[in-house]
Amino acid sequence: MSDVKQKVGIMGGTFNPPHIGHLLLARWAMEECGLNKVLFIPTGTPYMKQRSEIADSFKRLEMVRLAIQGSPQFFVSDIEVAREGATYTCDTLEQLCQANPETEFYFIMGADCLFSIEDWHEPERIFAACKVIAAARNASSIEKLEEKRLELIRRYHAEIVLIKFPEMDISSTMIRRRVKEGKNIRYMVPDAVIEYIEQNRLYSG
Ligand code: NAP
């Protein structure tokens, strides 16, 4: 058996809907940190979000599946969508670690999440289960992020890698708004996802 552990990125998200920012972030983290693959995990019932404007979990899962088709190193998991009750990242990561003891997991996130991750459910369990890749989109915030990174390392023995990522002013909120206003979302979202949004009349209000 090889002692070289597989390095797997976890791209967790509401993906309401998935867009090119998510895809590029996953690809970027993979290259910067030498990951073997990235597993996209759409959330089930996000406990910190307003549920009313979130598309059905299985529709978001399907949109992610469509978004990553044709990318052989990207995979999607229904581990959270299939779970009953609230979605906690720590439960997901522990479940993945138990099932894959030979794998090193890297949770990929926008770097500003470093400032809120302590409000997530039992952050110490998250840091124990995985390393974190935090993507900084704004060069001017690097110093503050580095300070926060060191604080989390001290407090939780966390392993956190900060990577620089190009700023892309695109978000799921912007896309939902554009769909509602009847505006075009081509090039922001993969074509297959646009088709799915249209066929299922998502976000049109
Ligand atoms: P999301 O809005 O779909 O975003 C997914 C990720 O993509 C985030 O890290 C986000 O960073 C990043 N992203 C979005 N647009 C981007 C862009 N243009 N350029 C670069 N990065 C971009 O998902 P979310 O609702 O934030 O959830 C993220 C994960 O955190 C999920 O796995 C969720 O379960 C987890 N979470 C867990 C808890 C908990 O366990 N208690 C609480 C909160 C969140 P930004 O946020 O910086 O945009």
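Counting starts at 1 for both ligands and their atoms, in listed order.
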> Is Glu62 paired with Lys59 through a side-chain N to carboxylate O contact shorter than 4.0 Å?
Replying inline: no
> Taking 4.0 angstrom as the limit, do Glu147 and Lys144 come out as a salt bridge?
Replying inline: no
Any idea which atoms of ligand 1 are less than 4.0 Å away from a heavy-atom of [X]?
X      : value
Gly13  : 3 (O), 5 (C), 23 (O), 27 (O), 28 (C), 31 (C), 32 (O)
Leu25  : 12 (C), 21 (N)
Phe165 : 19 (N), 20 (C)
Met168 : 18 (N)
Thr43  : 31 (C), 33 (C), 34 (O)
Tyr88  : 40 (O)

Could an N or O of ligand 1 be found under 3.5 Å from any N or O of [X], whether backbone or side chain?
X      : result
Thr89  : yes
Cys90  : no
Cys113 : no
Trp120 : no
Phe15  : yes
Thr14  : yes
His121 : yes
Ile170 : yes

> For Met11, is the nearest heavy atom under 4.0 Å from an atom of ligand 1?
Replying inline: yes
> Looking at NE2 of His19 and NE2 of His22, how far apart are the two atoms once the value is rounded to the nearest 0.5 Å?
Replying inline: 3.5 Å
>> So, taking the atom named CD1 in Ile185 and the one named CD1 in Ile20, what distance separates them when rounded to the nearest 0.5 Å?
In response: 11.5 Å
Just by modelled atom types, is the [Y] backbone N or O under 3.5 Å from a matching donor or acceptor in the [X] side chain?
X      : Y      : value
Ser77  : Ile79  : yes
Ser172 : Pro17  : yes
Arg137 : Phe165 : no

> Between Phe107 and ligand 1, which part of the residue brings a heavy atom under 4.0 Å of the ligand: side chain, backbone, both or neither?
Replying inline: side chain
> Is it the case that more than 12 heavy atoms not belonging to Glu181 sit under 6.0 Å from its CD atom?
Replying inline: yes
>> So for atom OH, which belongs to Tyr187, do other residues, nucleotides or ligands contribute more than 12 heavy atoms lying within a distance under 6.0 Å?
In response: no
> Where the closest heavy atom to atom 8 (C) of ligand 1 is concerned, which of Ser172, Pro123, Gly110, Pro166 has it?
Replying inline: Gly110
> Heavy-atom distance to atom 16 (C) of ligand 1: which of Glu80, Glu122, Arg137, Met109 wins?
Replying inline: Arg137
>> With side chain to side chain contact (heavy atoms under 4.5 Å, CB included) as the criterion, how do Ile175 and Tyr203 come out once you've worked through the C-alpha distance, each side chain's angles and the decisive distance to 0.1 Å?
In response: CA-CA 9 Å; Ile175 290 159; Tyr203 313 126; 5.7 Å; no
For residues 150-159, dump all side-chain donor-acceptor pairs below 3.5 Å to protein atoms at least two apart in sequence or in another chain.
from, atom 1, to, atom 2, distance (Å)
Glu151, OE2, Lys148, NZ, 3.0
Glu151, OE2, Arg155, NH1, 3.2
Glu151, OE2, Arg155, NH2, 3.2
Arg155, NH1, Glu118, OE1, 3.4
Arg155, NH1, Glu118, OE2, 2.5
Tyr156, OH, Glu118, OE2, 2.9
Glu159, OE1, Lys131, NZ, 3.1
Glu159, OE2, Lys131, NZ, 3.3

